[in-house]
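First the structure, in the form of structure tokens, and then the observations on it.
Protein chains get the first letters and strands the later ones, always in sequence-line order, with residue 1 at the start of each.
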2 protein chains.
Amino acid sequence: MAGDEYELVTIYDIAKATGLSPTTVSKVFNQYSDVSEKTRRKILEASEQMGYIPNAQARTLTTKRSWTIGVLYIESSGAGLLHPYFGGVIEGFKKVATSKGYDLMFISKHIGGKKGGYLEHCKLRGIDGVVVVLPDYTDPYFKELLDSDIPCVLLDQESDLKSTISSNNMDGSKQAVDYLYGLGHRSIAHISGGTTYAGEQRLQGYLKAMEQLGLTVLPEHIIQGSYDYTVESGQKAMEQLLALEHLPTAVFVAGDNLAVGAMLAMKKHGLNVPEDMSIVGYDDIEMAKYLTPALTTIRQNTYALGSRAADMLICSIEGGSEARPQTDQIAVELVVRGSCREV
Amino acid sequence: MAGDEYELVTIYDIAKATGLSPTTVSKVFNQYSDVSEKTRRKILEASEQMGYIPNAQARTLTTKRSWTIGVLYIESSGAGLLHPYFGGVIEGFKKVATSKGYDLMFISKHIGGKKGGYLEHCKLRGIDGVVVVLPDYTDPYFKELLDSDIPCVLLDQESDLKSTISSNNMDGSKQAVDYLYGLGHRSIAHISGGTTYAGEQRLQGYLKAMEQLGLTVLPEHIIQGSYDYTVESGQKAMEQLLALEHLPTAVFVAGDNLAVGAMLAMKKHGLNVPEDMSIVGYDDIEMAKYLTPALTTIRQNTYALGSRAADMLICSIEGGSEARPQTDQIAVELVVRGSCREV
DNA sequence: TTGAAAGCGCTAACAC
DNA sequence: GTGTTAGCGCTTTCAA
């Protein structure tokens, strides 16, 4: 087998080499204070020289701490990793987790080549905690994990049992609507992100902002995009909107991918953005600024989302069961580009 | 500590419950054939009922196999996970690896919160093999890993020591150039991907294709884009090209991001694609089809790249040291859209 | 077909 | 400050 070739050096080897005991060696590598500076130095030196590297599994076996965090995200469809939101979040998460000594492992329903469940997978691997991004909410295996006592942090979800974190979706909607209002728009439609938590929040934020401004919302001006925030779904939603008798002058779209689709649909109908309709998106995906016209949108700070999530999760891992689930929100920001006009 | 609450069931527990020995229980979970059907059933039943889940670290400690594959990608810059190429590759890789019983863990230079190296990290975690995507080639820690005896598969790189896999970059260039030639173009420039392996290959493919068609390549028609394939870099490259006295009628760009930048630069100069210049990209990133005009490009099958990489890596993990490093290539495909015109 | 015993590499009481 | 001992949960000879 490959890997057999490692010259495995153990604490026993370095104990023997230094004439000390394995315990003392162990202590040195676990920052115990009751080791003389001289001994510590001697051990460190020998370890360095003999190429000693601790064995994580042996350590985990006795301590019950794997220093491993599971990453759970939707498995079906081509989404997942490819979704820019996911990438940004994990990037931020990884940075913080890594700096605190944790490694990241993907969690799936397949274990050892067989079908199992998320919880089973976590237990098998001795996972210390899980970060949940874009899960399949309807999955019973996912629910099983939520009901377990494994520390978790959930992104863009609600939960009493686990810590949660999301962007300030309501405020994002408010910023979008207020901005359009400031440009003179009074008839503002909404293409929503379907039945996801974030989608709901953005819809609620939109409704509330409209109300606060004293604007009426026509029921037919709220179009349900699909939960997966695809370009195709945005296209369909805009088609639906364009079929209406009374068109809005602006539309606030719950995701940039949806907005891209919406713009495509308009183009197909010979309509121009922003001349014929102003559009505000949500996310600020990379391509937003390269579209024609460049998309005005609400920027989510995915990196901050991820790093804050890591902080929260590690807090509940290390705080133990007495640590109550927390909830936090990250500020969003309007990025003005070229897809809206004054009316 | 959180997690302590698990009702840890061990093989001893189920041995006791069934009146059998731990050995026999272990055998059942390792598909040994010398267990009577009756015993097997009894053990499986008890395990199911008592909620037994094997302990991966204990298993690894004795077998020296962690069933864990390390994922190594560039840490600096905001790239990495956010890069669509990476996402696609890992998606495909994960699928295959998971189905064969392996889990994926990110490898970094930080270990236990301290700075270490990739190899050290792998040994600490008992990693069975590593998939390398977009590394920092100049990193000595990366070299250290390459020189080790840990099985690795490298994407878009050359190596005698490890298995490698890449798209058929040379052929991609040929397809692009041939296509432009077929449209009547004779003056075809190239914006290259810098000094990466893929970039070199695409450049070579371009040169060879031009030669085969009997076309001359003006030195100033080869512009070095930066190794990171950013939009900004593409912009700069096109600026450089546009400063030339004799403009080409078409340009083959080594990456879609670069192509996006190139198109932006043209627009800034009041030039239109494809009227003033035809452009062929490389990658087929998601946004390619949503650009104006939609980008004609060479599609890399990132998913296939990833799954094939997994096959190769697992082969060398399970084949042991006698398994020689392999090399493979994945076919690419021209996707015709709207960024080229006949001349 | 089944089981006893040793050991993987490490940590944690506890005694010295 | 240092060492002895036991044990984490599992697999693996080897013997029964």
Side-chain angles (χ1 to χ4, degrees), chain A residues 1 3-4 6-44 46-47 50-67 112 120 123-128, chain B residues 1 3-4 6-44 46-47 50-67 112 120 123-128:
Chain A
M1 298 295 287
D4 285 6
Y6 293 9
E7 11 51 77
L8 248 180
V9 180
T10 74
I11 50 171
Y12 284 88
D13 296 322
I14 91 135
K16 199 174 298 174
T18 55
L20 292 154
S21 77
T23 306
T24 307
V25 177
S26 172
K27 281 181 176 172
V28 168
F29 284 100
N30 289 283
Q31 349 278 19
Y32 275 63
S33 54
D34 61 342
V35 181
S36 78
E37 196 46 37
K38 197 176 156 190
T39 307
R40 149 178 266 97
R41 211 168 281 293
K42 197 166 160 191
I43 287 176
L44 252 20
S47 304
M50 301 173 67
Y52 170 71
I53 292 168
N55 179 313
Q57 11 274 8
R59 189 175 281 177
T60 299
L61 195 53
T62 62
T63 60
K64 308 277 175 251
R65 289 273 275 116
S66 67
W67 294 93
E120 192 178 335
K123 289 187 172 175
L124 172 73
R125 288 287 185 175
I127 295 286
D128 290 335
Chain B
M1 300 295 289
D4 285 6
Y6 294 7
E7 11 49 80
L8 248 180
V9 181
T10 74
I11 51 171
Y12 283 88
D13 296 322
I14 90 138
K16 199 174 298 171
T18 54
L20 292 155
S21 77
T23 308
T24 307
V25 177
S26 172
K27 282 180 176 172
V28 168
F29 284 101
N30 289 283
Q31 351 278 18
Y32 275 64
S33 53
D34 61 343
V35 181
S36 77
E37 196 46 38
K38 197 176 153 188
T39 307
R40 150 178 266 96
R41 211 167 282 293
K42 197 166 159 191
I43 287 176
L44 253 19
S47 304
M50 300 173 68
Y52 170 71
I53 292 168
N55 179 314
Q57 12 272 10
R59 189 175 280 178
T60 299
L61 195 54
T62 62
T63 60
K64 307 279 176 247
R65 289 274 273 117
S66 67
W67 294 92
E120 192 177 335
K123 289 188 171 176
L124 172 73
R125 288 289 186 173
I127 295 286
D128 290 335

Sugar-phosphate, base or nothing in reach of A:T60, heavy atoms under 4.0 Å: nothing

Over all atoms of both residues, closest heavy-atom pair of B:D34 and B:K27: OD2-NZ, 3.4 Å

For the student: nearest non-hydrogen atoms of B:A58 and A:L61, plus distance: CB-CD1, 3.7 Å

Axis-to-axis angle between the two ends of the helix from C:dT1-D:dA16 to C:dC16-D:dG1 (five base pairs per end, rounded to 10 degrees): 30°

A:V25 and A:V28: CA distance, side-chain angles, deciding distance, side chain to side chain contact (heavy atoms under 4.5 Å, CB included) verdict: CA-CA 5 Å; A:V25 177; A:V28 168; 5.7 Å; no

Residues which pass side chain to side chain donor-acceptor pair (under 3.5 Å) with A:T60, listed by chain and number, not counting sequence neighbours: none

Nucleic acid contacts of residues 13-24 of chain A, taken as heavy-atom distances under 4.0 Å to DNA chain C: A:T23

Check the interface with nucleotides 6-9 of chain D: list each N/O to N/O pair with the protein under 3.5 Å, or write none.
{"unit_1": "D:dC8", "atom_1": "O3'", "unit_2": "A:K64", "atom_2": "NZ", "d": "3.0"}
{"unit_1": "D:dG9", "atom_1": "N2", "unit_2": "B:A58", "atom_2": "O", "d": "3.3"}

Closest approach of B:R59 to B:P54 (non-hydrogen atoms, all atoms of both residues): NH2-CB, 3.5 Å

A:V9 to A:Y52 - nearest heavy-atom pair and separation: O-CD1, 3.2 Å

Outermost nucleotides of DNA chain C that come under 4.0 Å of a non-hydrogen atom of chain A: C:dG9 to C:dA13

side-chain contact (heavy atoms from CB on, under 4.5 Å), paired with B:S47, selected from B:I53, B:T18, B:I14: B:I14

Heavy-atom closest contact (B:Q31 atom, B:R40 atom, distance): CA-NH2, 4.2 Å

Chi angles and distances behind the side chain to side chain contact (heavy atoms under 4.5 Å, CB included) call for A:E37, A:R41: CA-CA 6 Å; A:E37 196 46 37; A:R41 211 168 281 293; 3.1 Å; yes

Inter-residue atom distance B:Q57.CD - B:T62.OG1, 0.5 Å rounding: 12.0 Å

Atom pair CG/CZ of A:N55 and B:R125 - distance to nearest 0.5 Å: 10.5 Å

Residues in contact with DNA chain C, drawn from residues 27-37 of chain A - heavy-atom cutoff 4.0 Å: A:N30, A:Y32

A:T24 to A:T39 - nearest heavy-atom pair and separation: CG2-CG2, 3.8 Å

A:D128 side chain to A:R65 backbone, donor-acceptor under 3.5 Å: no

